[in-house]
Colleague: 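My questions all concern the structure below.
Excluded from the calculations below are hydrogen atoms, water molecules and symmetry mates; all remaining heavy atoms, backbone and side chain alike, are included. Everything numeric here is computed off the predicted structure, so don't read it as measured data.
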Amino acid sequence: MGEFAMFPLGSVLFPHMPLALRVFEPRYLVMMSRVLGDRPSEFGVVLIESGSEAGGADGQRRFGVGTVARVTELGATDGDLAVIARGARRIEVVEWLPDDPHPTAVVRDLPDLEWDESLRPLYEKAELVVRRTIARASEFVELPWDANVELSDEPAEAAWQLAGIAPLTQLDQVRLLGSRSLHALLTDLVDLTVGAGEVLTISWATEDHLDAEIAEALETTDDDHRSDPNPEEDPP
């Protein structure tokens with residue numbers, strides 16, 4: 001455990017996903033000056049539960065699970081600092097400290113989720129559902145990710161990236177971020193994405209062959225992968 005500079009945001013950052021920030025508030029410029037003095041340059045990102053990004057500790061409620069953002073690029077635009085970072089490991093907030101002047105917290109690392117090759121069919125199902133849902137939903141709403149976006153060759157990283165591109169609500173994303181196994185992450189990702197797709201594409205008049213493909217994938221793999229072969233105990 002240790003103290004960590006924190007950047008509460010109105011969005012969820014997943015491991016292995018990119019983050020672009022325009023930093024202009026004085027307190028966060030101070031934070032970045034401190035962060036950039038360390039190698040690697042890192043800060044924590046958590047979702048704001050209520051309140052605004054401009055609010056301080058008294059005006060915000062923040063979720064207790066987040067992700068470390070590792071700075072990869074810097075730039076300047078009209079006096080603001082442009083920061084490009086990438087999600088690294090997950091963290092849990094143990095205690096929020098007084099702003100000094102930026103948010104700071106005592107955090108501890110959450111364990112990495114380990115890949116097992118027996119999860120391959122479940123991963124493939126999740127990828128099919130996520131990509132298909134993005135493709136169909138993009139016909140009706142504007143989405144930040146393309147259905148054909150390239151993912152990591154490492155399956156554990158790609159699983160987090162699938163969670164990051166799926167068209168889910170922030171509450172669903174926080175739920176996924178707190179997953180205790182890759183099996184749980186992928187299973188919940190499928191369920192939540194199917195539910196989101198039903199909402200986003202409620203005006204679909206007919207199904208096509210790829211929608212039938214999703215239904216077939218769900219039917220043929222549910223029995224094999226609904227139970228986690230290596231369940232993890234809840235942390236104390």
Colleague: Can you label the angle between the Trp115 ring and the Tyr123 ring as parallel, tilted or perpendicular, going by 30° and 60°?
Modeller: perpendicular
Colleague: Are more than 12 heavy atoms from other residues, nucleotides or ligands located less than 6.0 Å from atom CD of Glu150?
Modeller: no
Colleague: What closest approach, in Å, do Thr193 and Leu189 show between heavy atoms, and which atom pair accounts for it?
Modeller: OG1-O, 2.7 Å
Colleague: Do the non-hydrogen side-chain atoms of Phe63 and Val93 ever get within less than 4.5 Å of each other?
Modeller: no
Colleague: Do Thr133 and Arg131 have side-chain N/O donor and acceptor atoms under 3.5 Å apart?
Modeller: no
Colleague: Would you say the side chain of Asp100 lies within less than 4.5 Å of the side chain of Glu3, judging by non-hydrogen atoms?
Modeller: no
Colleague: Would you call His16 and Ser152 a side-chain contact if the rule is heavy atoms closer than 4.5 Å?
Modeller: no
Colleague: Grab the two heavy atoms, one from Leu13 and one from Val68, that are nearest each other, plus how far apart they are.
Modeller: CD2-O, 4.4 Å
Colleague: Would you find a donor on one side and an acceptor on the other, under 3.5 Å apart, between the side chain of Ser138 and the backbone of Ala135?
Modeller: yes
Colleague: Determine whether a donor-acceptor pair (N or O, by modelled atom type, separation under 3.5 Å) exists between the side chain of Arg120 and the backbone of Pro155.
Modeller: no
Colleague: Check whether any side-chain heavy atom of Val149 sits under 4.5 Å from a side-chain heavy atom of Ile134, and report yes or no.
Modeller: no
Colleague: Got Phe7 and Val35 here, is their nearest side-chain heavy-atom distance under 4.5 Å?
Modeller: no
Colleague: Going only through I, L, V, M, F, W and Y residues with side-chain contacts under 4.5 Å, is there a path from Val45 to Trp96?
Modeller: no
Colleague: I'd like to know if the side chain of Arg90 reaches the main chain of Asp112, judged simply by a donor and an acceptor atom lying under 3.5 Å from each other, with no hydrogens or angles considered.
Modeller: no
